[in-house]
Trainee: 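My questions all concern the structure below.
Owing to the predicted nature of the structure, the values given are computational and were not obtained by experimental measurement.
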Amino acid sequence: MSTTLPEKPGSPENAGNPAEPLDVSGYSVTRCAWVATGPEQAYDLLSTVSNIGLWSPNAIRAQYEDGAGPWAGAWFRGRNRRGDSEWDSRSQVQKAERGTEFTYTVLGSVPVPIVRWRWTFTPYGQGTRLAQTWQLLAADPVLGTTYAELDALRDQTAASMEDTLVALAGWIAGNPAA
């Protein structure tokens, strides 16, 4: 388990100053868990984006667009929540290597990637070590406009990732044929 804390440029009184853009380069969180299935099966579960609502406390639904599937370049849309807020998202698969890695980026309010989600799958004993990484790629007001807001987002995301991994591991244990 690791969390990277950002180094904040400039003096404390300038942090969050609109004239000084937020440096998000240090905002990244990784959480890991062991699941009782092979890497290819774990990959199949997670790259079927419509499954994420089964485990994530923040994902309501996700669906590939226009018959797309888990391949690099494919687009999918999602509905998410945090607290009392809900929003739609659009994401693009960046890397899809069955049993190894599933990575996608999420577009922001300006159509550029603002977040990268990366899942890696490593054989470990009779199962798989899953690593889930969340990384901010660009500042966007939808994520927060101050370092305090980005810190809170990072911490909430880390907790959600842990909940997702625990739920996923439990679901796999209860559905061994999956």
Trainee: Starting from the C-alpha separation in whole Å, work towards a yes-or-no answer on side-chain contact (heavy atoms from CB on, under 4.5 Å) for L150 and Y27.
Mentor: CA-CA 8 Å; L150 293 181; Y27 283 89; 3.6 Å; yes

Trainee: Assess whether side-chain contact (heavy atoms from CB on, under 4.5 Å) is satisfied between V49 and F102, documenting all intermediate values.
Mentor: CA-CA 11 Å; V49 297; F102 183 69; 4.1 Å; yes

Trainee: Going by distance alone, is a donor N or O of one side chain under 3.5 Å from an acceptor N or O of the other, for T105 and Q94?
Mentor: yes

Trainee: For the pair C32 and R129, evaluate side-chain contact (heavy atoms from CB on, under 4.5 Å) and give the outcome as yes or no after the intermediate values.
Mentor: CA-CA 7 Å; C32 300; R129 179 187 180 270; 2.9 Å; yes

Trainee: Checking the side chain of D140 only, and the main-chain atoms of V142 only, is there a donor and an acceptor separated by less than 3.5 Å?
Mentor: yes

Trainee: Please report the closest heavy-atom contact between I114 and G108, naming both atoms and the distance.
Mentor: CD1-CA, 3.4 Å

Trainee: Looking only at the side chains, is there a donor atom on one of E149 and T145 sitting less than 3.5 Å from an acceptor on the other?
Mentor: yes

Trainee: Relative to W75, does R90 satisfy both conditions: NZ or CZ under 6.0 angstrom from the six-membered ring centre, and within 45 degrees of the ring's axis?
Mentor: yes

Trainee: Test your reading of the model: is there a side-chain donor-acceptor pair from W34 to the backbone of Y124, 3.5 Å cut-off?
Mentor: yes

Trainee: Would you confirm whether Y147, through its side chain, and D23, through its main-chain N or O, come within 3.5 Å as a donor-acceptor pair?
Mentor: yes

Trainee: Within the structure provided, determine whether V106 and W117 are in side-chain contact (heavy-atom separation under 4.5 Å).
Mentor: yes

Trainee: Test side-chain contact (heavy atoms from CB on, under 4.5 Å) on T48 and Y64 and set out the steps.
Mentor: CA-CA 9 Å; T48 303; Y64 283 108; 5.8 Å; no

Trainee: Before giving the answer on ring-ring contact (aromatic ring centres under 6.0 Å, His included), spell out for Y104 and F76 the whole-Å C-alpha distance, their side-chain angles and the decisive distance to 0.1 Å.
Mentor: CA-CA 10 Å; Y104 61 91; F76 65 92; 5.0 Å; yes

Trainee: Please check: side-chain N/O of T157 versus main-chain N/O of L153, any donor-acceptor pairing under 3.5 Å?
Mentor: yes

Trainee: Between R77 and D88, is there a salt bridge with N-O shorter than 4.0 Å?
Mentor: no

Trainee: For a quick check under 3.5 Å, do Q135 and R116 share a side-chain donor-acceptor pair by atom type?
Mentor: yes

Trainee: Please check this pair: side chain of N58 against backbone of R81, looking for a donor-acceptor N/O pair closer than 3.5 Å.
Mentor: yes

